[in-house]
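Here the structure comes first, spelled out in structure tokens, and everything after it is commentary.
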Amino acid sequence: MKTTKSRSSSRIITFLSILLAVVLLATGCAPKVTGTVDVPYGANMEIQVENGATGYKGLVPAFVLDGTSPYIMDLSATFTVTDVIDTRIVWADTTALVSLAGQSSQRHLSVILYLCQPLSEKADKFSDGTIAYGGTGYPEIIEGQTYTISGVLQPQWQSVPLIYVPTAYEFKKTAGDESFFYAPSDQFEQEPSSMAAKQVVEEYFKYWNGKNITEMEKRMTPNKKGIDWSFDAIEYVKLISISERQPREAGTKVFVVVFDLKYKKGKSSSLNEGRTTWEYLLKRDNETSSWLIYDWGGGGYA
């Protein structure tokens with residue numbers, strides 16, 4: 001009798017020990033919210049149009065500006081969030097491969113999502129460093145995770161597709177391995193030369209952020225080489241958006257570029273810190289040569 005009770009007690013203790021270990025393992029490994037971070041404020045599209053911060057003046061759908069006009073959503077796809085810029089702007093890549101006019105292969109397409117319903121100005125920071133963005137009706141939005149998003153494609157978009165997401169309920173966490181891209185095919189017919197020129201600008205900013213002067217100068221005309229970029233003072237340069245403008249001269253390209261410049265503490269240079277909108281001008285010698293940046297600035301070159 002004593003042996004039976006002893007065995008029964010031993011089994012109960014073993015079971016409780018295993019259960020406790022499982023609970024501790026589950027709660028101990030799960031990242032915990034350790035605080036919050038500020039999310040930069042994103043101006044609504046009406047203000048952006050007034051300030052000239054968008055190249056789509058006169059083309060922005062009415063519902064984006066007034067919040068009441070009717071609209072028809074013409075795009076739905078699964079996206080991987082790559083960067084949350086502010087409470088209005090999110091960069092993402094399609095999970096499905098997309099065909100663009102002038103290209104023989106398919107690729108993941110980068111897009112800009114404009115949130116008509118902004119995110120909260122506070123985001124949760126977890127113990128593993130993960131930042132979870134959100135707002136009323138939104139799921140947890142985490143860079144690197146996949147979402148199913150529906151919206152309205154900007155008519156006559158340039159360089160990078162701009163998608164207006166009307167409400168938080170069009171931004172959903174993707175279930176399983178679902179991957180698709182539904183959009184009007186005629187809206188993805190871009191001139192190949194525009195895509196090549198835009199890639200030069202993207203690479204230029206990539207190498208600027210990486211403080212690689214050799215690669216930067218490969219994408220500039222000779223008269224722009226030898227500039228002091230004050231790399232020692234720069235913490236980062238982040239490309240936010242690119243939109244193409246109509247050039248005045250044949251054989252050139254003009255892009256309106258929005259970027260964010262951050263200096264190290266106590267450092268500065270001739271460029272203003274913060275968000276800047278500049279125009280970048282490119283040209284090439286002939287149809288087979290590479291596009292090169294020959295000028296830039298905020299003076300309205302186009």
Next on the checklist: Working note: T146 + T174, criterion side chain to side chain donor-acceptor pair (under 3.5 Å); need CA distance, chi angles, decisive distance, verdict.
Outcome noted: CA-CA 6 Å; T146 304; T174 300; 5.6 Å; no
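At least one side-chain heavy atom of F205 sits under 4.5 Å from a side-chain heavy atom of V237. Contact annotation: the side chain of V60 approaches that of Y164 to within less than 4.5 Å [non-hydrogen atoms, C-beta and beyond]. The closest side-chain heavy-atom distance from K238 to I85 is below 4.5 Å.
Screening L292, T252, V200 for a side-chain contact (heavy atoms from CB on, under 4.5 Å) with L282, the sole residue that qualifies is V200.
A salt bridge does not link E202 to K206: none of the charged side-chain nitrogens sits closer than 4.0 Å to a carboxylate oxygen. A salt bridge between D86 and R275 is present, with a side-chain N of the basic residue lying under 4.0 Å from a carboxylate O of the acidic one.
The side-chain tip of K262 does not point at the ring of Y236 from less than 6.0 angstrom away and within 45° of straight on. A cation-pi contact links K224 to W296, judged by a cut-off of 6.0 Å to the six-membered ring centre and 45° from its axis.
More than 12 heavy atoms of other residues, nucleotides or ligands lie within 6.0 Å of CD1 in I227, so this atom counts as buried by the packing criterion. More than 12 heavy atoms of other residues, nucleotides or ligands lie within 6.0 Å of NZ in K225, so this atom counts as buried by the packing criterion. When the shell of 6.0 Å around NZ of K211 is examined, it contains more than 12 heavy atoms from other residues, nucleotides or ligands. Other residues, nucleotides and ligands contribute only 12 or fewer heavy atoms inside 6.0 Å of the CG atom of D177.
Here the two rings, on F171 and F79, have centers that are 6.0 Å apart or farther. When ring centroids are compared, Y138 and Y169 stay outside the 6.0 Å threshold.
Listed by chain and residue number, P31, V33, D124, D128, T130, A132, E140 satisfy the side chain to side chain contact (heavy atoms under 4.5 Å, CB included) test with F126 (two or more places apart in sequence, or in another chain). Shown here are the salt bridge (Lys or Arg N to Asp or Glu O under 4.0 Å) partners of K218, two or more places apart in sequence or in another chain: E215.
For residues 33-46, the set of pairs meeting the side chain to side chain donor-acceptor pair (under 3.5 Å) definition, not counting sequence neighbours, comprises D38-K122.
Donor-acceptor pairing under 3.5 Å is recorded for the side chains of Y263 and S269.
L97 and V111 are members of different hydrophobic clusters when ILVMFWY side chains are connected at heavy-atom separations under 4.5 Å.
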